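One structure is given below, encoded as structure tokens.
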Protein chains: 2
Amino acid sequence: MKDPLTSFPGYSLRRAANAASAELAQRLSVVGLRQSDASLLMLVEANPGVTASALGRRLDIQRANMVPILKRLEDAGLITRAPIDGKSQGLALTEAGRRTLTEAFQVIEQFERELIERIPAEHRAHLLPALDAIWR
Amino acid sequence: MKDPLTSFPGYSLRRAANAASAELAQRLSVVGLRQSDASLLMLVEANPGVTASALGRRLDIQRANMVPILKRLEDAGLITRAPIDGKSQGLALTEAGRRTLTEAFQVIEQFERELIERIPAEHRAHLLPALDAIWR
DNA sequence: TATTGTTATACTCTATAACTATA
DNA sequence: TATAGTTATAGAGTATAACAATA
């Protein structure tokens with residue numbers, strides 16, 4: 001079949017992201033996490049006491065959509081919320097959260113390693129700067 | 001805020017794809033199309049008489065999910081379905097479909113041009129081959 | 001006045017199972 | 001038996017509007 005889409009970087013970008021995303025989601029499900037869970041746990045670990053709003057801004061997740069994610073992670077015993085003042089709450093990992101994140105981190109590092117290895121060596125170093133130029 | 005995610009190509013891949021996708025979706029909405037509509041119209045134009053199943057395989061859209069897309073495009077008068085045999089239907093663009101696709105094509109080419117221009121020159125040529133290595 | 005957290009809601013995309021009819 | 005088209009349905013991600021309480 002003729003495929004005029006093959007010449008569009010934007011199309012390949014979407015397809016590559018979808019393929020990688022589906023693969024990582026499947027691997028993370030073994031640890032019981034979604035991608036947004038894992039990225040959120042990483043940011044909380046690196047920034048203990050961070051607020052939900054600040055996390056949402058950094059991850060481009062709207063405040064309203066943070067609510068069910070945080071509720072799920074709290075129900076799973078992975079994070080705690082502690083009042084900072086009357087309207088803000090500081091997030092932190094529980095011990096179980098740290099353990100789960102360690103597992104997730106291994107899954108993700110293995111995934112990233114394999115992702116990079118799929119790319120011909122001469123293109124490898126260019127991918128991250130090219131991608132970052134697109135969205136940052 | 002500390003951000004340990006910045007070093008993961010997989011994460012940047014997802015963010016770049018999301019950003020690009022949102023941008024293109026907005027521009028295509030002016031023409032009245034979604035991204036899946038536009039890619040589907042392109043493939044139909046390049047392969048008149050193609051079946052829904054074959055399109056789905058090429059675009060990685062499941063048969064069941066092709067139904068509402070094709071219905072929408074047919075209702076909008078952009079494609080026609082003609083029986084090939086008792087169980088298959090060949091798809092083709094209508095005149096309006098060709099006109100709309102021409103508009104969409106201009107939007108997409110402009111979008112792709114701007115996307116590439118955002119990438120520093122020394123990385124540009126590497127993006128497409130790197131992405132294709134990930135998903136093809 | 002702006003921000004935080006929240007509720008409610010709706011739309012899109014995607015995934016699965018099952019069914020009918022035909023090759 | 002495998003394939004084409006379809007229906008129904010559920011999950012996940014995302015977007016908007018609105019609200020109360022607080023900074």
Side-chain angles (χ1 to χ4, degrees), chain A residues 1 11 13-15 17-29 32-40 44 47 49-76 79-91 135, chain B residues 1 11 13-15 17-26 28-29 32-40 44 47 49-75 79-91 135:
Chain A
M1 189 189 311
Y11 181 74
L13 176 60
R14 189 156 60 101
R15 292 297 299 266
N18 285 348
S21 201
E23 171 69 21
L24 178 58
Q26 197 187 354
R27 298 197 194 185
L28 276 178
S29 71
L33 294 180
R34 303 180 191 177
Q35 282 171 276
S36 51
D37 297 340
S39 50
L40 201 150
V44 173
N47 305 277
V50 70
T51 66
S53 293
L55 278 181
R57 280 190 294 268
R58 168 64 59 155
L59 294 168
D60 262 316
I61 299 176
Q62 318 226 9
R63 276 201 321 286
N65 295 329
M66 292 290 293
V67 177
I69 300 177
L70 292 176
K71 176 169 179 359
R72 187 157 27 83
L73 291 175
E74 192 179 26
D75 289 349
I79 60 168
T80 56
R81 312 193 221 198
I84 293 178
D85 54 32
K87 76 173 177 183
S88 294
Q89 308 170 354
L91 303 174
W135 76 276
Chain B
M1 190 190 307
Y11 182 74
L13 177 59
R14 188 155 62 100
R15 292 296 300 267
N18 286 349
S21 202
E23 171 68 23
L24 179 57
Q26 197 188 352
L28 276 178
S29 70
L33 294 180
R34 303 180 190 179
Q35 281 171 276
S36 51
D37 297 340
S39 51
L40 201 148
V44 172
N47 306 276
V50 71
T51 65
S53 292
L55 279 182
R57 279 190 294 270
R58 170 63 59 156
L59 294 168
D60 263 318
I61 299 175
Q62 317 228 6
R63 278 200 318 289
N65 296 329
M66 292 291 291
V67 177
I69 299 177
L70 292 176
K71 177 166 179 3
R72 187 155 27 85
L73 291 175
E74 193 180 27
D75 289 349
I79 62 168
T80 56
R81 311 192 223 198
I84 293 177
D85 55 30
K87 76 174 178 183
S88 293
Q89 307 170 355
L91 303 174
W135 73 276

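Being a predicted model, the structure only gives us computed values, none of them experimental. Chain identifiers are assigned alphabetically (A, B, ...) following the order of the sequence lines, protein sequences preceding nucleic acid strands; residue numbering begins at 1 within each chain. These numbers come from the heavy atoms of this one structure, side chains and all, not from hydrogens, waters or symmetry mates.
- The residue B:R72 sits apart from the nucleic acid: no heavy atom pair falls under 4.0 Å.
- Between atom CG of residue A:L70 and atom CG of residue A:L55 there is a gap of 7.0 Å, rounded to the nearest 0.5 Å.
- The nucleotide whose nearest atom lies closest to any side-chain atom of A:K87 is, among D:dA2, C:dG5, D:dA23, D:dA23.
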Between the protein and nucleotides 6-11 of chain C, list every N/O to N/O distance that falls short of 3.5 Å.
unit_1: C:dT6; atom_1: OP2; unit_2: A:R81; atom_2: NH1; d: 3.1

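- Atom CD in A:Q26 sits about 11 Å away from atom P in C:dA15, given to the nearest Å.
- Between the CZ atom of B:R63 and the OG1 atom of B:T51 there is a distance of 10.5 Å, given to the nearest 0.5 Å.
- Computed from coordinates, the B:R58 CZ to D:dA4 C1' distance equals 19 Å when rounded to whole Å.
- Taking atom CG of residue A:L59 and atom C1' of nucleotide D:dG13, one finds them 14 Å apart after rounding to whole Å.
- Rounded to an integer number of Å, the gap from A:R57 CZ to C:dT3 P is 8 Å.
- Taking CD1 of A:I84 as the start and CG of A:L91 as the end, the distance is 8.0 Å to the nearest 0.5 Å.
- Nucleotide D:dA12 holds its C1' atom 13 Å from the CG atom of B:N18, rounded to whole Å.
- Phosphate proximity of C:dA23 to B:S88: absent, as no side-chain N or O sits under 4.0 Å from OP1 or OP2.
- Note that the CG atom of B:L40 and the CZ atom of B:R58 stand 13.0 Å from one another [nearest 0.5 Å].
- Considering only side-chain N and O atoms, A:Q62 lies under 4.0 angstrom from the phosphate OP1 or OP2 of D:dA15.
- Mapping A:D85 and A:D60 onto DNA chain D by nearest heavy atom places A:D60 closer to the 5' end of the strand.
- Atom-to-atom, CD1 of A:I61 to C1' of D:dG13 comes out at 9 Å; the value is rounded to the nearest Å.
- Atom CZ of B:R14 and atom CG of A:N18 lie 11.0 Å apart (nearest 0.5 Å).
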